[in-house]
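Quick notes on the structure that follows.
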Amino acid sequence: MRLSPRKRGSAVLAALATGVLLLAAACGSGGGQAETAGSAIDPNEGGGPAWQSVVDAARQEGQVVLYSNSDGVNPAFEAAWAKAYPDIKLVVSKYTSGELTTKLDAEKGGGVVGADVITVSTKPWLEANRGALVASTGPALEKYWKGSEHVYADGAYVLVAATPLGAGINTEQLAKLGNPSVTTYKDLLQPQLKGALGIVPGTGSPAAEQWWYFAAKEMGGDGAVAQLAGLEPRLYTTPSTIATDIASGEVAVGAYSIKGTIEALAAKGAPVKFVTLDPVISTPVTAAVVGWAKHPNAAQVFQNWLLSPAGQIALNGSGSLLTPLALADLGTVPATMRSIPDGATVVDGVLSPEQKTWVTDLWNAKMRLG
Amino acid sequence: MTLTQERNAATGPAQTPAGSRAKPAGRRWALLALLMAALILWPLIKLEARVAEDLSGAVDRLLGYRDLGRVYLNTVIIAVGSTIVAVVAGTGLAWCITRVPPRWYKVMSVLPVVPLLMPSVASVQGWSYLLSPRTGIINQYLREWGVGSGDSGPLDVYSMTGIILMAGTILTSFVFMFVSASLRQRGAELEAAAAACGASPWRTFRTVTLPMMRPALVYSTAIVLLLALGQFTVPLLLGTPDRIDVVSTAVYKVSADYPVDYALGGALAFPLLVIGLGVILIQRRALRDERRYVSVSARTRQVGLKTSGWALVPIVTYLVVAVVLPLVALVSVSLSPFWSGRITPSTFTLDNWAAVWGNQNTVDAITTTLTALLLTLVAVLPLSYLVSVALLRRTRVPGVIRLPIDVLASIALCMPVSLLGFAFLFTYSEPPFTLYGTTAMVVVAYVTLTIPFAIRPQLSALTAIGPEYSEASRVSGAGSLSTAWRITFPLIRSGLGVSAALITIIVAHEFTVSLMVTSPTRRVIGSLLYDETVSGTAPNVAVLSLLMLAVTLVGIGISWLIAGGNTVDKI
């Protein structure tokens, strides 16, 4: 096709203008982020001059890079950090569990710019790399976590939250199915849910696979897995992707859902609700500072903040995640905030030989996972 | 009249440099081969070394891989199925173009290429909103109209058929490009003669047009089959709910499992490498034969052919299916508070756009993408020009150097992109490169990925202009550089523009390799989109998909300026 020079010019302008218009539409207004009620307690309280010099150095570094696979690390969490440390930019990168550890493996020997601090659910990686992690040097670890069973490898990594997984429900779609009750793991096996059930099978995430191991026990044991597979559940990669399809009604019930994600959609008007399945089974959110951090001081300040009441409220205040600390130790906290209940199962991602066999021979086989 | 000239490449008088200059020239081409090897072969060697470290274990684990046969079978079914769809649809569209009324010809001839501008991830997302079994908008309408029953179906984009049709639709433009170019080049005299002798349009197509298109069909089928074998985006996004894995997605899943079994991933993808190399070698042989013939027509395609307004229908339908419908769905979702399975204009809001743009990561990713695109253009255009010159039969390059250059120039095509991403990651993250976290790493990866696509348009342009002008320039005393700058570049400007457009499209749409080679402090739009797909919301994914399209359009505008004309048409 030949165009006259004038038409060519117009066509170039049209292509550029369309592109620029779309970009301009995006920058039409700034994005607002919800503010969260924070803690009045100074995260650096109890830190001496040495710690203050770390904080000063962190401000000089001006940035901290967080790799996370946790849904608790959301815009509200980032806003809380920005409010606490406006001069230290938090760069967040979200990955699925396997992708995250792959990135870390690639970075740890290379001396390259990457993660400074991580929150992961993969304890095996943390254990295998404990020598490459740096224990928190801030005052919060000693002040709030002394003697805690959730501090590992002399403080090299700490369980900072537990994510209770449950069921997301599309109320309209469930009504079409006759409103079957969904409150326990066994309820997921109801025949009405055939073709209307979605699950996140957790492939690539040992913690998620372990979650299903315990959930299957609650459903009734190994036979329940075959029953579940018989319902032909749709498979999803993450709680976020299943939440989208619960909201649209593509599935009526989505197992392995996260409270915060479902409730965020409900707040936008989606006909969805989150159901805590009984008993609560949670996956871990474990935080660590990596030894190859390019912003080592900012990483320490971030880790200290996360371990302090301010960070705990930012991460767990909405109640979507559970704090390992007793609420009484945290001062004034939001009414929605909860601690991990006594006796609740928090998987650690370390698959026992029995669990490995279960995953390989039963779960993956019945669910036809690779 | 059609003039067919046989060009004997090796016998042009000025194509043979003086004997005294042969050796230094040979060394220069050898340097080019070495540069290509360092760029493309080195990551592969590093990767294969990882496989070789644990070969027997890798084979054992490969044989024990669950549903291994099913994975390979799925790969073959999807590759062959989508190739058939693309070849039939692409050829049909190219034929339709020859039959459209003259006043529509200019517009219609460019429409089937427009879908190339649409990121495949955006198309897939758009169609998932349209054809999800329960909430897909089209499915809901069909059920309302009495087609299908119950709460689900009748169509399902998350099925083998859905994946094949989706991948085939995306690949149709590639086939159209090759076949349409071939038809345009060859003119319509023979079809006109057949029509004058009373042959029906179908008989003319079957007995005249189709045999004439055979070289282009073979070439495009080979290319499309390679692309289909390495398909990642469509099976990843549509295959998960119904457990449809192909080699690329299986490799990706292996890579996302801790600890990463690189040997198993390499072993899984090995058959694709072998097939890819085989196809490239066969294609190289076929292309070499084809280059000996250059057809020139004195008449346009339309003259002497029966035209019909009906020919517009398939072309417009393709545009609607490949671009308009998914785009409308994406725009609707991007303006909705959440994806509800319904388009409700009364709820439309710009909040999602504001939130995505309010995220500094978005601005940074767009900046990095455009920077990487410009740097890739700067690196690839001269490099691919040199490779194209080396591949010209008339350029005196020793066979032992030409063959590796040719193979190296195409090898990135036959590698599953997910595996290629890992090869880049582990090569350039470690010393002596240590590029991880830098734009340089992104650029090196993009250069390697785009070289095969940048070479072909320039090679075609160089083949078409012949050696005469360059020889005249050299005889008049101009050096190689001066001749290239003052004579060759202006003559092949449109070829350079097409190369630039293809580079733009690949870079702007790329997300598989980007996922591996980018870091949080150095993201591109593709990696950001993938992250949002995994852990974000549907409206934000829609916004980013549209931003990806916007970046593509800006890049196409730049390539348009380079080419001095409509690159989309020239593609």
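In what follows, chains are A, B, ... by sequence order, proteins preceding strands, each numbered from 1.
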TODO: Heavy atoms only: give me the nearest Ser240(A)-Gly536(B) pair and the separation to one decimal.
DONE: CB-O, 3.7 Å
Open item on the list: Let's test your reading of the structure: which of Gly249(A), Gly269(A), Ala270(A) forms the most heavy-atom pairs below 4.5 Å with chain B?
Closed with: Ala270(A)
Open item on the list: Is Pro233(A) in contact with chain B via its backbone, its side chain, both, or neither, using a 4.5 Å heavy-atom distance?
Closed with: both
Open item on the list: I'd like to check the salt bridge (charged side-chain N to carboxylate O under 4.0 Å, His left out) partners of Asp116(A); sequence neighbours left out, ordered by chain and number.
Closed with: none
TODO: Just give me the residue among Ser527(B), Pro539(B), Ala538(B), Pro133(B) that pairs up with chain A most often, heavy atom to heavy atom, under 4.5 Å.
DONE: Pro133(B)
Task: Short side-chain to backbone donor-acceptor contact, Arg243(B) and Met367(A), under 3.5 Å - done: yes
TODO: For Thr237(A), enumerate each residue passing the side chain to side chain contact (heavy atoms under 4.5 Å, CB included) test, keeping only those at least two apart in sequence or located in another chain.
DONE: Thr241(A), Thr240(B)
Task: Gly341(B) to Ser248(A) - nearest heavy-atom pair and separation - done: N-CB, 4.2 Å
TODO: Hey, could you give me the CD/CG distance between Glu78(A) and Asn359(B), rounded to the nearest 0.5 Å?
DONE: 7.0 Å
Task: Under 4.5 Å from a heavy atom of chain A, the part of Thr533(B) involved - done: backbone
Task: Heavy-atom proximity to chain A below 4.5 Å, by part of Ala250(B) - done: neither
- [ ] Answer with side chain, backbone, both or neither: which region of Thr360(A) has an atom nearer than 4.5 Å to a non-hydrogen atom of chain B?
- [x] both
Task: Top of Leu235(A), Thr244(A), Val251(A) for chain B proximity - count of heavy-atom pairs under 4.5 angstrom - done: Leu235(A)
TODO: Heavy-atom distances under 4.5 Å only: say whether Ser132(B) touches chain A with side chain, backbone, both or neither.
DONE: both
Task: Separation between CZ of Arg134(B) and NZ of Lys176(A), rounded to the nearest 0.5 Å - done: 8.0 Å
- [ ] Check Tyr158(B) against Arg234(A) and note the closest heavy-atom contact, atom names and distance.
- [x] CD1-NH2, 3.0 Å
Task: Atom pair NZ (Lys268(A)) and CG (Asp351(B)), whose distance is rounded to the nearest 0.5 Å - done: 8.0 Å
Task: Considering all heavy atoms, the nearest Glu250(A)-Thr135(B) contact - done: OE1-OG1, 2.6 Å
Open item on the list: Between Gly136(B), Ser340(B), Ser334(B), who has the most heavy-atom pairs with chain A when the cutoff is under 4.5 Å?
Closed with: Ser340(B)
Open item on the list: If I measure from the heavy atoms of chain A, does Tyr129(B) come under 4.5 Å with its side chain, its backbone, both, or neither?
Closed with: neither
Open item on the list: I'd like to verify something: which residue of Gly195(A), Gly198(A), Ala243(A), Ala365(A) has the highest number of heavy-atom pairs under 4.5 Å with chain B?
Closed with: Ala365(A)
Open item on the list: If I measure from the heavy atoms of chain A, does Arg70(B) come under 4.5 Å with its side chain, its backbone, both, or neither?
Closed with: neither
